Amino acid sequence: MNILILGSGGREHAFSWKIAQSPLCQQLFIAPGNAGTASIGTNVPLNIIDFEAIADFCLNNQIDLLLPGSEDPLVYGIVDYFKSRSDLQNILIAGPVKEGAQLEGSKDFAKAFMARNDIPTAAYKTFTNESLEAGYAFLETLHPPFVLKADGLAAGKGVVIPETLEEAKKELHAMLADAKFGDASSRVVIEEFLKGIEVSVFVLTDGKDYFLLPEAKDYKRIGEGDTGLNTGGMGAISPVPFVDDSFLKKVEDRIVKPTISGLQKENIDYKGFIFLGLMNVGGDPYVIEYNVRMGDPETEAVLPRVQNDLLDLLQAVCLQQLGTKSISITPQTAATVVLVSGGYPESYEKGKVVSGLEGGKSLVFHAGTKSDGENCLTNGGRVFAVSSLADTLPEALNMSYNKAAEINFEGKYLRRDIGQDLLKISQS
Ligand code: AMP
Ligand code: GLY
(Lines give C-alpha, C1' and ligand atoms only; values in the text may rest on other atoms or scores of the structure.)
(Ligands and ions follow the chains in the order given, each with its own letter.)
Protein backbone atom coordinates (compact mmCIF):
# COMPACT_ATOMS: atom_id res chain seq x y z
CA MET A 1 0.00 0.00 0.00
CA ASN A 2 1.04 3.60 -0.57
CA ILE A 3 0.42 5.86 2.39
CA LEU A 4 0.13 9.63 2.87
CA ILE A 5 0.33 11.04 6.40
CA LEU A 6 -0.70 14.68 6.94
CA GLY A 7 1.27 16.70 9.50
CA SER A 8 4.77 17.66 10.57
CA GLY A 9 5.05 16.96 14.29
CA GLY A 10 6.37 14.27 16.59
CA ARG A 11 3.05 12.44 16.28
CA GLU A 12 3.45 12.18 12.52
CA HIS A 13 7.06 11.04 12.83
CA ALA A 14 5.91 8.35 15.27
CA PHE A 15 3.13 7.27 12.87
CA SER A 16 5.69 7.16 10.04
CA TRP A 17 8.12 5.12 12.11
CA LYS A 18 5.42 2.61 13.00
CA ILE A 19 3.80 2.38 9.57
CA ALA A 20 7.17 2.00 7.81
CA GLN A 21 7.65 -1.24 9.78
CA SER A 22 4.60 -2.79 8.15
CA PRO A 23 5.19 -5.34 5.39
CA LEU A 24 2.06 -3.86 3.79
CA CYS A 25 3.76 -0.47 3.39
CA GLN A 26 5.24 0.22 -0.04
CA GLN A 27 5.67 3.96 -0.43
CA LEU A 28 5.30 6.35 2.48
CA PHE A 29 4.73 10.08 1.99
CA ILE A 30 4.42 12.73 4.67
CA ALA A 31 3.01 16.21 4.03
CA PRO A 32 4.72 18.45 4.92
CA GLY A 33 6.80 16.29 7.30
CA ASN A 34 10.08 17.18 9.02
CA ALA A 35 13.73 16.10 8.97
CA GLY A 36 12.80 12.93 10.89
CA THR A 37 10.06 11.81 8.54
CA ALA A 38 12.36 12.51 5.58
CA SER A 39 14.66 9.76 6.83
CA ILE A 40 11.81 7.20 6.67
CA GLY A 41 9.65 8.33 3.76
CA THR A 42 9.27 11.15 1.27
CA ASN A 43 8.22 14.61 2.42
CA VAL A 44 5.82 16.50 0.18
CA PRO A 45 5.18 20.24 0.42
CA LEU A 46 1.38 20.18 0.66
CA ASN A 47 -0.90 22.37 2.77
CA ILE A 48 -2.83 19.95 5.00
CA ILE A 49 -6.12 21.77 4.49
CA ASP A 50 -5.82 22.18 0.73
CA PHE A 51 -8.04 19.19 -0.05
CA GLU A 52 -7.85 19.59 -3.82
CA ALA A 53 -4.06 19.54 -3.83
CA ILE A 54 -4.05 16.55 -1.47
CA ALA A 55 -6.52 14.72 -3.72
CA ASP A 56 -4.38 15.44 -6.81
CA PHE A 57 -1.30 14.12 -5.03
CA CYS A 58 -3.17 10.98 -3.95
CA LEU A 59 -4.34 10.28 -7.50
CA ASN A 60 -0.95 10.97 -9.06
CA ASN A 61 0.87 8.77 -6.57
CA GLN A 62 -1.63 5.91 -6.22
CA ILE A 63 -2.15 6.55 -2.54
CA ASP A 64 -4.17 3.75 -0.91
CA LEU A 65 -4.53 5.15 2.59
CA LEU A 66 -4.57 8.70 3.92
CA LEU A 67 -3.95 9.38 7.63
CA PRO A 68 -4.61 12.94 8.85
CA GLY A 69 -2.51 13.45 11.98
CA SER A 70 -4.04 16.63 13.35
CA GLU A 71 -7.61 17.83 13.80
CA ASP A 72 -7.67 20.65 11.25
CA PRO A 73 -8.24 18.63 8.06
CA LEU A 74 -10.82 16.48 9.87
CA VAL A 75 -12.74 19.40 11.35
CA TYR A 76 -12.71 21.15 7.95
CA GLY A 77 -14.16 18.02 6.36
CA ILE A 78 -11.43 16.17 4.46
CA VAL A 79 -13.28 12.86 4.83
CA ASP A 80 -16.50 14.32 3.42
CA TYR A 81 -14.51 15.85 0.56
CA PHE A 82 -12.97 12.51 -0.37
CA LYS A 83 -16.35 10.76 -0.06
CA SER A 84 -17.95 13.36 -2.33
CA ARG A 85 -15.59 12.80 -5.27
CA SER A 86 -16.22 9.74 -7.42
CA ASP A 87 -12.57 9.57 -8.50
CA LEU A 88 -11.38 9.23 -4.87
CA GLN A 89 -13.59 6.33 -3.79
CA ASN A 90 -10.73 3.81 -3.67
CA ILE A 91 -8.67 5.83 -1.22
CA LEU A 92 -9.11 4.81 2.41
CA ILE A 93 -9.09 7.61 5.02
CA ALA A 94 -8.51 6.88 8.69
CA GLY A 95 -10.62 9.63 10.23
CA PRO A 96 -14.16 10.68 11.08
CA VAL A 97 -16.51 12.67 8.86
CA LYS A 98 -16.88 16.40 9.54
CA GLU A 99 -19.86 15.93 11.83
CA GLY A 100 -17.94 13.38 13.93
CA ALA A 101 -14.97 15.75 14.06
CA GLN A 102 -17.30 18.25 15.75
CA LEU A 103 -16.60 16.27 18.92
CA GLU A 104 -13.34 18.22 18.90
CA GLY A 105 -14.31 21.17 16.69
CA SER A 106 -17.15 22.36 18.90
CA LYS A 107 -17.15 22.07 22.70
CA ASP A 108 -20.88 22.76 22.69
CA PHE A 109 -21.50 19.91 20.22
CA ALA A 110 -19.39 17.57 22.37
CA LYS A 111 -21.20 18.53 25.59
CA ALA A 112 -24.65 18.15 24.01
CA PHE A 113 -23.58 14.78 22.55
CA MET A 114 -22.49 13.62 26.00
CA ALA A 115 -25.72 14.86 27.58
CA ARG A 116 -27.81 13.01 24.95
CA ASN A 117 -25.85 9.83 25.49
CA ASP A 118 -25.55 9.89 29.29
CA ILE A 119 -21.78 10.14 29.23
CA PRO A 120 -20.27 11.46 32.49
CA THR A 121 -18.90 14.99 32.11
CA ALA A 122 -18.94 18.26 34.06
CA ALA A 123 -22.33 20.05 34.24
CA TYR A 124 -22.40 22.96 31.78
CA LYS A 125 -24.26 25.67 29.91
CA THR A 126 -23.43 27.41 26.65
CA PHE A 127 -23.69 31.18 26.11
CA THR A 128 -23.43 33.67 23.24
CA ASN A 129 -23.00 37.44 23.25
CA GLU A 130 -26.80 37.74 23.28
CA SER A 131 -26.96 35.72 26.51
CA LEU A 132 -23.96 37.37 28.22
CA GLU A 133 -26.05 38.49 31.23
CA ALA A 134 -27.37 34.96 31.68
CA GLY A 135 -23.75 33.80 31.54
CA TYR A 136 -22.84 36.13 34.43
CA ALA A 137 -25.84 34.81 36.38
CA PHE A 138 -24.76 31.20 35.72
CA LEU A 139 -21.23 31.97 36.94
CA GLU A 140 -22.76 33.26 40.18
CA THR A 141 -24.32 29.83 40.81
CA LEU A 142 -20.94 28.04 40.51
CA HIS A 143 -18.08 27.59 42.95
CA PRO A 144 -14.55 28.72 42.00
CA PRO A 145 -12.44 27.98 40.08
CA PHE A 146 -14.52 28.61 36.93
CA VAL A 147 -14.02 26.79 33.65
CA LEU A 148 -14.67 28.78 30.45
CA LYS A 149 -14.17 27.15 27.07
CA ALA A 150 -14.26 28.80 23.67
CA ASP A 151 -16.54 26.61 21.59
CA GLY A 152 -14.35 26.32 18.49
CA LEU A 153 -10.74 25.40 17.71
CA ALA A 154 -8.39 27.86 19.40
CA ALA A 155 -5.00 26.17 18.98
CA GLY A 156 -5.20 24.63 22.45
CA LYS A 157 -5.58 28.03 24.12
CA GLY A 158 -9.37 28.28 24.31
CA VAL A 159 -9.81 27.03 27.89
CA VAL A 160 -9.46 29.56 30.69
CA ILE A 161 -9.79 28.72 34.39
CA PRO A 162 -10.16 31.92 36.49
CA GLU A 163 -9.96 31.67 40.26
CA THR A 164 -12.39 34.46 41.12
CA LEU A 165 -15.91 35.36 40.03
CA GLU A 166 -14.77 38.81 38.98
CA GLU A 167 -12.06 37.45 36.70
CA ALA A 168 -14.48 34.86 35.31
CA LYS A 169 -16.97 37.56 34.34
CA LYS A 170 -14.23 39.63 32.71
CA GLU A 171 -13.04 36.60 30.79
CA LEU A 172 -16.55 35.76 29.63
CA HIS A 173 -16.95 39.33 28.39
CA ALA A 174 -13.58 39.15 26.61
CA MET A 175 -14.51 35.93 24.88
CA LEU A 176 -18.09 36.77 23.87
CA ALA A 177 -18.18 40.54 23.48
CA ASP A 178 -14.57 41.21 22.44
CA ALA A 179 -14.08 38.01 20.40
CA LYS A 180 -10.89 37.15 22.31
CA PHE A 181 -10.52 33.93 20.31
CA GLY A 182 -12.21 35.30 17.19
CA ASP A 183 -15.06 33.22 15.87
CA ALA A 184 -14.00 30.32 18.11
CA SER A 185 -15.32 32.20 21.15
CA SER A 186 -18.63 33.36 19.63
CA ARG A 187 -20.04 30.65 21.87
CA VAL A 188 -18.61 29.80 25.27
CA VAL A 189 -19.19 26.69 27.35
CA ILE A 190 -19.09 27.33 31.09
CA GLU A 191 -18.71 24.18 33.13
CA GLU A 192 -18.28 22.85 36.61
CA PHE A 193 -14.66 22.44 37.76
CA LEU A 194 -13.71 18.80 38.25
CA LYS A 195 -11.05 17.99 40.81
CA GLY A 196 -8.89 14.96 40.13
CA ILE A 197 -6.02 13.56 38.12
CA GLU A 198 -6.09 13.75 34.32
CA VAL A 199 -5.40 10.84 32.04
CA SER A 200 -5.88 10.29 28.33
CA VAL A 201 -7.37 7.13 26.91
CA PHE A 202 -7.16 6.39 23.20
CA VAL A 203 -9.69 4.42 21.20
CA LEU A 204 -9.34 3.07 17.68
CA THR A 205 -12.72 2.39 16.10
CA ASP A 206 -14.23 1.44 12.76
CA GLY A 207 -17.57 2.80 13.93
CA LYS A 208 -18.74 -0.63 15.05
CA ASP A 209 -15.93 -2.36 16.93
CA TYR A 210 -13.12 -0.73 18.86
CA PHE A 211 -9.84 -1.30 20.66
CA LEU A 212 -8.48 0.59 23.60
CA LEU A 213 -4.93 1.69 22.88
CA PRO A 214 -2.56 2.27 25.82
CA GLU A 215 -3.53 5.18 28.05
CA ALA A 216 -1.10 8.03 28.71
CA LYS A 217 -0.54 11.03 30.91
CA ASP A 218 0.83 14.20 29.41
CA TYR A 219 2.47 17.26 30.92
CA LYS A 220 0.94 20.39 29.44
CA ARG A 221 2.61 23.25 31.28
CA ILE A 222 6.00 24.65 30.33
CA GLY A 223 7.35 24.74 33.88
CA GLU A 224 8.29 22.03 36.35
CA GLY A 225 5.64 21.21 38.93
CA ASP A 226 2.97 22.02 36.30
CA THR A 227 3.56 25.75 36.37
CA GLY A 228 3.59 28.46 33.71
CA LEU A 229 1.95 28.61 30.33
CA ASN A 230 0.23 25.77 28.55
CA THR A 231 2.13 24.07 25.74
CA GLY A 232 1.28 21.37 23.23
CA GLY A 233 2.76 18.91 25.71
CA MET A 234 6.18 18.57 27.33
CA GLY A 235 6.23 14.83 27.92
CA ALA A 236 4.10 11.71 28.20
CA ILE A 237 4.09 8.48 30.16
CA SER A 238 2.32 5.22 29.38
CA PRO A 239 0.99 3.21 31.19
CA VAL A 240 -0.42 5.34 34.00
CA PRO A 241 -0.24 3.60 37.41
CA PHE A 242 -3.74 4.51 38.67
CA VAL A 243 -5.40 3.27 35.50
CA ASP A 244 -6.17 -0.28 36.58
CA ASP A 245 -8.62 -2.79 35.12
CA SER A 246 -11.48 -1.52 37.24
CA PHE A 247 -10.99 2.11 36.12
CA LEU A 248 -10.64 1.01 32.49
CA LYS A 249 -13.84 -1.03 32.74
CA LYS A 250 -15.65 2.11 33.93
CA VAL A 251 -14.15 4.04 31.00
CA GLU A 252 -15.34 1.39 28.56
CA ASP A 253 -18.82 0.93 30.03
CA ARG A 254 -19.62 4.55 30.83
CA ILE A 255 -17.75 6.38 28.07
CA VAL A 256 -16.38 4.34 25.16
CA LYS A 257 -19.43 2.15 24.48
CA PRO A 258 -21.99 4.97 24.81
CA THR A 259 -19.79 7.20 22.61
CA ILE A 260 -19.63 4.64 19.82
CA SER A 261 -23.29 3.68 20.07
CA GLY A 262 -24.22 7.38 20.23
CA LEU A 263 -22.31 8.02 17.00
CA GLN A 264 -24.08 5.05 15.39
CA LYS A 265 -27.52 6.21 16.58
CA GLU A 266 -26.84 9.66 15.17
CA ASN A 267 -25.66 8.19 11.85
CA ILE A 268 -22.20 9.69 12.17
CA ASP A 269 -19.65 7.65 10.22
CA TYR A 270 -16.74 7.59 12.64
CA LYS A 271 -13.61 5.72 11.64
CA GLY A 272 -10.35 6.51 13.34
CA PHE A 273 -9.05 7.59 16.70
CA ILE A 274 -11.00 8.97 19.64
CA PHE A 275 -8.81 10.65 22.24
CA LEU A 276 -10.62 10.87 25.56
CA GLY A 277 -9.26 13.54 27.88
CA LEU A 278 -10.50 12.25 31.23
CA MET A 279 -10.52 13.39 34.83
CA ASN A 280 -10.33 10.66 37.45
CA VAL A 281 -12.61 12.03 40.16
CA GLY A 282 -12.29 9.71 43.16
CA GLY A 283 -12.01 6.63 40.92
CA ASP A 284 -14.74 7.65 38.48
CA PRO A 285 -13.89 8.84 34.95
CA TYR A 286 -15.40 12.06 33.54
CA VAL A 287 -14.81 13.35 30.01
CA ILE A 288 -13.03 16.71 29.94
CA GLU A 289 -12.67 16.73 26.18
CA TYR A 290 -12.85 14.63 23.08
CA ASN A 291 -10.23 14.88 20.38
CA VAL A 292 -10.71 13.17 17.05
CA ARG A 293 -7.05 12.29 16.51
CA MET A 294 -4.14 11.00 18.53
CA GLY A 295 -2.35 13.23 21.03
CA ASP A 296 1.06 14.76 20.60
CA PRO A 297 3.32 13.81 22.46
CA GLU A 298 1.08 10.97 23.71
CA THR A 299 1.41 9.13 20.38
CA GLU A 300 5.17 8.99 20.87
CA ALA A 301 4.61 7.09 24.16
CA VAL A 302 1.61 5.03 23.04
CA LEU A 303 2.79 3.65 19.67
CA PRO A 304 6.04 2.10 20.98
CA ARG A 305 3.82 -0.06 23.25
CA VAL A 306 1.56 -1.26 20.42
CA GLN A 307 2.93 -4.50 19.02
CA ASN A 308 0.54 -4.79 16.10
CA ASP A 309 1.13 -3.83 12.52
CA LEU A 310 -0.50 -0.38 12.68
CA LEU A 311 -1.14 -0.24 8.95
CA ASP A 312 -3.03 -3.53 9.13
CA LEU A 313 -5.17 -2.04 11.94
CA LEU A 314 -5.79 1.22 10.07
CA GLN A 315 -6.80 -0.67 6.95
CA ALA A 316 -9.22 -2.75 9.06
CA VAL A 317 -10.61 0.49 10.56
CA CYS A 318 -11.34 1.92 7.11
CA LEU A 319 -12.86 -1.33 5.82
CA GLN A 320 -14.87 -1.81 9.03
CA GLN A 321 -13.12 -5.10 9.78
CA LEU A 322 -11.66 -4.30 13.18
CA GLY A 323 -13.72 -7.14 14.66
CA THR A 324 -11.44 -9.63 12.88
CA LYS A 325 -8.31 -8.25 14.58
CA SER A 326 -6.88 -8.34 18.07
CA ILE A 327 -4.57 -5.88 19.77
CA SER A 328 -1.31 -6.61 21.51
CA ILE A 329 0.24 -4.13 23.94
CA THR A 330 3.58 -4.56 25.71
CA PRO A 331 3.34 -4.14 29.51
CA GLN A 332 6.62 -2.19 29.39
CA THR A 333 6.61 1.52 30.22
CA ALA A 334 7.22 4.26 27.68
CA ALA A 335 8.55 7.64 28.83
CA THR A 336 8.62 10.56 26.41
CA VAL A 337 10.50 13.78 27.12
CA VAL A 338 10.03 16.77 24.82
CA LEU A 339 12.88 19.13 23.96
CA VAL A 340 11.74 22.63 23.07
CA SER A 341 13.24 25.86 21.77
CA GLY A 342 14.05 28.47 24.43
CA GLY A 343 11.15 30.93 24.74
CA TYR A 344 8.45 28.41 23.70
CA PRO A 345 5.42 28.57 24.03
CA GLU A 346 5.94 32.29 23.43
CA SER A 347 8.39 33.56 20.84
CA TYR A 348 11.46 31.49 20.04
CA GLU A 349 14.14 31.32 17.38
CA LYS A 350 14.41 28.71 14.64
CA GLY A 351 17.26 27.46 12.49
CA LYS A 352 19.60 26.28 15.28
CA VAL A 353 21.95 23.44 14.32
CA VAL A 354 21.25 20.18 16.16
CA SER A 355 23.90 17.69 17.24
CA GLY A 356 23.93 14.40 19.15
CA LEU A 357 21.01 12.72 17.41
CA GLU A 358 22.78 9.47 16.57
CA GLY A 359 23.15 6.48 18.85
CA GLY A 360 21.44 4.85 21.78
CA LYS A 361 18.33 2.77 22.21
CA SER A 362 15.85 5.61 22.61
CA LEU A 363 13.53 6.67 19.82
CA VAL A 364 14.14 10.26 18.81
CA PHE A 365 11.00 11.59 17.14
CA HIS A 366 11.41 14.90 15.37
CA ALA A 367 8.69 17.42 16.21
CA GLY A 368 9.91 20.69 14.70
CA THR A 369 12.96 20.20 12.48
CA LYS A 370 14.07 20.60 8.91
CA SER A 371 17.19 19.69 7.00
CA ASP A 372 19.35 22.14 5.05
CA GLY A 373 20.87 19.23 3.16
CA GLU A 374 23.77 18.97 5.57
CA ASN A 375 22.50 19.70 9.08
CA CYS A 376 19.35 19.10 11.03
CA LEU A 377 17.96 22.50 12.09
CA THR A 378 15.34 23.45 14.66
CA ASN A 379 12.14 24.58 12.99
CA GLY A 380 9.50 24.85 15.71
CA GLY A 381 8.71 25.28 19.39
CA ARG A 382 8.66 21.61 20.19
CA VAL A 383 11.76 20.21 18.49
CA PHE A 384 12.10 16.55 19.55
CA ALA A 385 10.21 13.95 21.55
CA VAL A 386 12.60 11.38 23.00
CA SER A 387 10.86 8.10 23.89
CA SER A 388 12.22 5.05 25.66
CA LEU A 389 10.67 1.72 26.47
CA ALA A 390 11.82 -0.20 29.56
CA ASP A 391 10.54 -2.60 32.19
CA THR A 392 10.04 0.13 34.77
CA LEU A 393 9.21 3.84 34.75
CA PRO A 394 12.50 4.89 36.41
CA GLU A 395 14.48 2.99 33.77
CA ALA A 396 12.47 4.42 30.89
CA LEU A 397 12.87 7.95 32.29
CA ASN A 398 16.56 7.43 32.82
CA MET A 399 17.06 6.34 29.22
CA SER A 400 15.06 9.25 27.80
CA TYR A 401 16.80 11.84 29.97
CA ASN A 402 20.23 10.42 29.04
CA LYS A 403 19.43 10.67 25.35
CA ALA A 404 17.88 14.12 25.83
CA ALA A 405 21.17 15.26 27.41
CA GLU A 406 23.13 14.12 24.34
CA ILE A 407 21.00 16.14 21.92
CA ASN A 408 22.08 19.74 21.71
CA PHE A 409 20.93 22.94 20.10
CA GLU A 410 21.14 26.55 21.23
CA GLY A 411 18.35 27.40 23.67
CA LYS A 412 17.33 23.78 24.36
CA TYR A 413 14.86 23.47 27.24
CA LEU A 414 13.12 20.47 28.78
CA ARG A 415 11.16 19.67 31.93
CA ARG A 416 13.10 17.50 34.34
CA ASP A 417 10.07 16.29 36.28
CA ILE A 418 8.23 14.23 33.66
CA GLY A 419 6.72 11.17 35.36
CA GLN A 420 7.76 12.20 38.89
CA ASP A 421 4.14 12.50 40.06
CA LEU A 422 3.45 8.98 38.79
CA LEU A 423 6.52 7.58 40.55
CA LYS A 424 5.04 8.91 43.79
CA ILE A 425 1.66 7.29 43.07
CA SER A 426 3.19 3.93 42.17
CA GLN A 427 5.29 3.98 45.34
CA SER A 428 2.34 4.78 47.63
P1 AMP B 1 -9.34 21.08 27.22
O2 AMP B 1 -8.77 21.91 26.12
O3 AMP B 1 -10.82 20.94 27.20
O4 AMP B 1 -8.61 19.78 27.40
O5 AMP B 1 -8.97 21.83 28.57
C6 AMP B 1 -7.64 22.19 28.87
C7 AMP B 1 -7.32 21.85 30.29
O8 AMP B 1 -8.19 22.54 31.18
C9 AMP B 1 -7.55 20.38 30.62
O10 AMP B 1 -6.46 19.60 30.27
C11 AMP B 1 -7.76 20.44 32.11
O12 AMP B 1 -6.53 20.52 32.80
C13 AMP B 1 -8.47 21.75 32.30
N14 AMP B 1 -9.93 21.52 32.37
C15 AMP B 1 -10.80 21.53 31.34
N16 AMP B 1 -12.05 21.31 31.78
C17 AMP B 1 -11.99 21.17 33.12
C18 AMP B 1 -12.94 20.91 34.15
N19 AMP B 1 -14.24 20.80 33.89
N20 AMP B 1 -12.50 20.81 35.40
C21 AMP B 1 -11.18 20.95 35.69
N22 AMP B 1 -10.23 21.19 34.78
C23 AMP B 1 -10.62 21.29 33.51
N1 GLY C 1 -1.03 16.66 24.08
C2 GLY C 1 -2.35 17.11 23.95
C3 GLY C 1 -2.96 17.02 22.62
O4 GLY C 1 -2.42 16.43 21.70
O5 GLY C 1 -4.05 17.55 22.46
Side-chain angles (χ1 to χ4, degrees), residues 7 9-12 14-15 68-72 74-75 103-111 114 119-126 139 142-163 168 171 181 184-185 188-202 213 215-222 226-238 273-282 284-303 336-338 340 345 365 367 381-382 385 415 418 421:
R11 168 181 50 213
E12 288 76 26
F15 274 136
S70 67
E71 62 279 14
D72 283 348
L74 296 167
V75 172
L103 285 180
E104 177 165 359
S106 163
K107 303 272 188 204
D108 178 57
F109 177 93
K111 296 296 281 191
M114 287 187 266
I119 294 167
T121 187
Y124 83 106
K125 278 191 177 167
T126 301
L139 284 171
L142 299 175
H143 301 285
F146 304 89
V147 183
L148 280 70
K149 301 185 171 184
D151 177 56
L153 293 184
K157 298 196 171 82
V159 177
V160 185
I161 308 191
E163 290 291 332
E171 190 60 45
F181 298 107
S185 66
V188 172
V189 168
I190 301 180
E191 66 179 42
E192 167 199 19
F193 181 84
L194 297 173
K195 208 168 161 35
I197 312 181
E198 285 184 66
V199 61
S200 301
V201 170
F202 302 92
L213 298 171
E215 78 283 356
K217 182 172 192 302
D218 85 338
Y219 294 80
K220 289 205 172 89
R221 303 296 192 95
I222 188 73
D226 289 326
T227 53
L229 294 173
N230 260 323
T231 70
M234 297 295 292
I237 302 290
S238 177
F273 297 100
I274 309 176
F275 164 163
L276 301 167
L278 303 176
M279 190 71 88
N280 175 356
V281 183
D284 289 319
Y286 286 76
V287 178
I288 290 197
E289 64 167 349
Y290 284 110
N291 294 306
V292 298
R293 50 168 174 90
M294 284 296 287
D296 190 355
E298 292 91 331
T299 306
E300 294 94 297
V302 165
L303 287 187
T336 301
V337 174
V338 176
V340 305
F365 296 117
R382 292 191 291 173
R415 268 180 66 167
I418 303 302
D421 53 334

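In each ligand, atom 1 is the first atom listed, and ligand 1 is the first ligand listed. Residues: numbered from 1 along the sequence shown. The figures here come from the full heavy-atom set of this structure, side chains too, leaving out hydrogens, waters and symmetry mates. If you're wondering where the values come from, they're calculated on a predicted model, not measured in any experiment.
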Colleague: Got an N/O contact under 3.5 Å between G295 and ligand 2?
Modeller: no

Colleague: Is it the case that ligand 2 has an N or O less than 3.5 angstrom from some N or O of D218?
Modeller: yes

Colleague: Heavy atom under 4.0 Å from ligand 1: found in E192's side chain, backbone, both, or neither?
Modeller: backbone

Colleague: Can you list the atoms of ligand 1 that are under 4.0 Å from a heavy atom of L194?
Modeller: 18 (C), 19 (N), 20 (N), 21 (C)

Colleague: Out of curiosity, is I161 lining ligand 1, as in a heavy atom under 4.0 Å away?
Modeller: yes

Colleague: Looking at every heavy atom in both G10 and F365, which two are closest together, and how far apart are they?
Modeller: O-CB, 4.1 Å

Colleague: Compute whether any side-chain donor of one residue and acceptor of the other, for D421 and Y219, lie under 3.5 angstrom apart.
Modeller: yes

Colleague: At a 4.0 Å threshold, what atoms of ligand 1 neighbour a non-hydrogen atom of M279?
Modeller: 21 (C), 22 (N)

Colleague: What part of E298, side chain from CB on, backbone N/CA/C/O, both or neither, has a heavy atom under 4.0 Å from ligand 2?
Modeller: side chain

Colleague: Quick one: does ligand 1 sit under 4.0 Å from the side chain of V159, the backbone, both or neither, non-hydrogen atoms only?
Modeller: side chain

Colleague: Side chain, backbone, both or neither: which applies to R293 and ligand 2 if a contact is any heavy-atom pair less than 4.0 Å apart?
Modeller: side chain

Colleague: Any idea which heavy atoms bring V287 and T121 closest together, and the distance?
Modeller: O-OG1, 2.8 Å

Colleague: Under 4.0 Å from any heavy atom of K107, which atoms of ligand 1 are there?
Modeller: 1 (P), 2 (O), 3 (O)

Colleague: Testing the basics here: between A14 and E300, what is the closest heavy-atom pair and its distance to 0.1 Å?
Modeller: CB-CG, 4.1 Å

Colleague: Could K195 and F193 be counted as a cation-pi pair, given that NZ or CZ must be under 6.0 Å from the ring centre and within 45° of the axis?
Modeller: no

Colleague: Give yes or no for whether the N/O distance cutoff of 3.5 Å, strictly under, is met between D296 and ligand 2.
Modeller: yes

Colleague: Using a 4.0 Å cut-off to any heavy atom of K149, which atoms of ligand 1 qualify?
Modeller: 3 (O), 15 (C), 16 (N)

Colleague: So if I count the atoms of ligand 1 from 1 in the order they appear, which ones are less than 4.0 Å from some heavy atom of E191?
Modeller: 16 (N), 17 (C), 18 (C), 19 (N)

Colleague: Whether K217 and E198 form a salt bridge (side-chain N of Lys/Arg under 4.0 Å from carboxylate O of Asp/Glu) is what I want to check.
Modeller: no

